[in-house]
Protein chains: 2
Amino acid sequence: MPSANAVLKKPIEMPAEPEKRVRNRAATEQAILNAAKRLLAEEGFQNFGINAVARGAGCDKQLIYRYYGGLDGLVEAIGTDLGSWVKDRIPDDTGGMFLLTYGDLMERLALLFLDALRADPLMRRIVAWEVSENTEQVRRLSEARSKALAGWIERMRGSLTPPKGIDTIGVNAMIFAAIQHLVLSAAVSGQCAGLVLKTSKDWEKAATALKRIVRGVYG
Amino acid sequence: MPSANAVLKKPIEMPAEPEKRVRNRAATEQAILNAAKRLLAEEGFQNFGINAVARGAGCDKQLIYRYYGGLDGLVEAIGTDLGSWVKDRIPDDTGGMFLLTYGDLMERLALLFLDALRADPLMRRIVAWEVSENTEQVRRLSEARSKALAGWIERMRGSLTPPKGIDTIGVNAMIFAAIQHLVLSAAVSGQCAGLVLKTSKDWEKAATALKRIVRGVYG
DNA sequence: CCAACCTGTCACCAGCCGGTGAATAACAAG
DNA sequence: CTTGTTATTCACCGGCTGGTGACAGGTTGG
């Protein structure tokens, strides 16, 4: 209940400023999509709804039904957008490094993913949503996210072959799970399992621990 | 309209089904608490509210205000209950094994925690809640949980000293984060980062990967 | 010019939510 | 029986939610 009710009512419009709203469907669609992403990123999925999005976009909720077919369609549009996330936020090359071993690769991937997730509130909210609910909406989002991520990893892997005798799928799942929970927990409470995660120094220590784990498995 | 409003009172109860409700405050309190835990475990924190709990407990919501001081107090009561969780669900001894090294200990702790979390829907919902919201309610729950967990680890550790030169806090945070996210994701979608987690065979592979990680760090 | 669209707004509905004041029913003591 | 206490329920409020039908106004084309 202590949600941010601070700004709900808008004051009466000043008559001198009719705030002419241009008739432009494409722009409105974009405004709605942006409002949805912003709202989800900043407020989380708890109070995410038709009314809130319409309020945030400054238009009538009816338009959301018209242009996106309701909240489901809007969420799906967000998911489609998600595909470009990896492209925008995670480097696609090896940063000039030569990745000689699978361990080199995984260490780099882990650190890149950690930073990218840390810098993207929307993605964090989506991950939190994924482990909290199992509706069709979330399943779609989740699928889009995992697909984009898998593609990125595949691209980065290149022709590097995984080591024999190790269940790389299982181990990598553990590593990525660790990163996701660590970042989520830190974003909410500033710590995770007794490890404080606030200053950049804290995060350096976390990165060191992460490297240690990756190197422990892959050498 | 007037004819419809003519009768406000419910018709006379059927004499065959008085559904006698015993007057027993302690029992009612317990029923409320049980309903709250059950509801949270089964439905998640999304639709968790005064009305839902009262409905589930089969009593009026007013009693929740009276006996627990509202939802906050009720959640706090759940948190208090949580302290006994570790005691009930995770063995407190070493199961007859001699834990010679810190690696032995951490491997055992990790596997025990994995199984315990996997078997406890309520705890899973609380963990998911923790990474989704940052209200006072959740903070209290989170604190109770982490305190109980830390106590358990401390007890299990006994006189075993952690290895030098390793940031055990950081590494252990990673390990426990991995377990939590893995179990949460699996409970919701049956997989995690491409790793399918449905059959017990799947979980054995996950356990193996987990052991590999722990042993990779702690030897 | 009028007619047909398209964009956007408004008013309204039923339903649920958290929250509260008062009535009611069971019991205990005098 | 009367009185008081305690447990329990009831009735109602304002506010927000998702959802829909009707309407206003600009834009286009015949």
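Keep in mind that the numbers below use all heavy atoms, side chains included, and drop hydrogens, waters and symmetry copies. In the text below, chain A, chain B and the rest are named by the order of the sequence lines, each starting its count at 1.
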Side chain to side chain donor-acceptor pair (under 3.5 Å) assessment of Y65(A) paired with D60(A):
CA-CA 10 Å; Y65(A) 288 106; D60(A) 197 276; over 6 Å; no

With side-chain contact (heavy atoms from CB on, under 4.5 Å) as the criterion, how do H181(B) and F176(A) come out once you've worked through the C-alpha distance, each side chain's angles and the decisive distance to 0.1 Å?
CA-CA 9 Å; H181(B) 192 87; F176(A) 277 75; over 6 Å; no

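One interatomic measurement links the two molecules: CD of Q62(B) to C1' of dG21(C), which rounds to 8 Å at whole-angstrom precision. Here dG19(D) presents its P atom at 14 Å from CG of D60(A), a figure rounded to the nearest Å.
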Any N/O pairs under 3.5 Å between the protein and nucleotides 2-7 of chain D? List them or say none.
from, atom 1, to, atom 2, distance (Å)
dT6(D), O2, R23(B), NH1, 3.2
dT6(D), O2, R23(B), NH2, 2.5
dA7(D), OP2, R25(B), NH1, 3.3
dA7(D), O4', R23(B), NH1, 3.4
dA7(D), O4', R23(B), NH2, 3.4
dA7(D), N3, R23(B), NH1, 3.4

With the criterion being N/O to N/O and under 3.5 Å, what pairs connect the protein with nucleotides 15-17 of chain C, and how long is each?
from, atom 1, to, atom 2, distance (Å)
dC17(C), OP1, R55(B), NH2, 3.3
dC17(C), OP2, R55(B), NH2, 2.7

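Between R140(B) and E143(B) there is no salt bridge, since none of the side-chain N atoms of the basic residue sits less than 4.0 Å from a carboxylate O of the acidic one. The pair R139(B)-E136(B) meets the salt-bridge criterion, with a side-chain N (NZ, NE, NH1 or NH2) lying under 4.0 Å from an Asp/Glu carboxylate O. Ion pairing between a basic and an acidic side chain is recognised when a charged N comes within 4.0 Å of a carboxylate O; K201(B) and E204(B) show no such pairing.
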Using residues 31-50 of chain B as the side-chain source, report each donor-acceptor pair under 3.5 Å to any protein atom, sequence neighbours left out, with the distance given to one decimal.
from, atom 1, to, atom 2, distance (Å)
N34(B), OD1, Q30(B), NE2, 3.3
N34(B), ND2, Q30(B), O, 3.4
K37(B), NZ, D81(B), OD2, 2.7
Q46(B), NE2, E133(A), OE1, 3.1
Q46(B), NE2, E133(A), OE2, 2.9

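We find the CG-CD1 distance between L71(B) and I78(B) to be 8.5 Å, quoted to the nearest 0.5 Å.
Between Y65(B) and dG19(C) there is a side-chain N or O to OP1 or OP2 distance below 4.0 Å.
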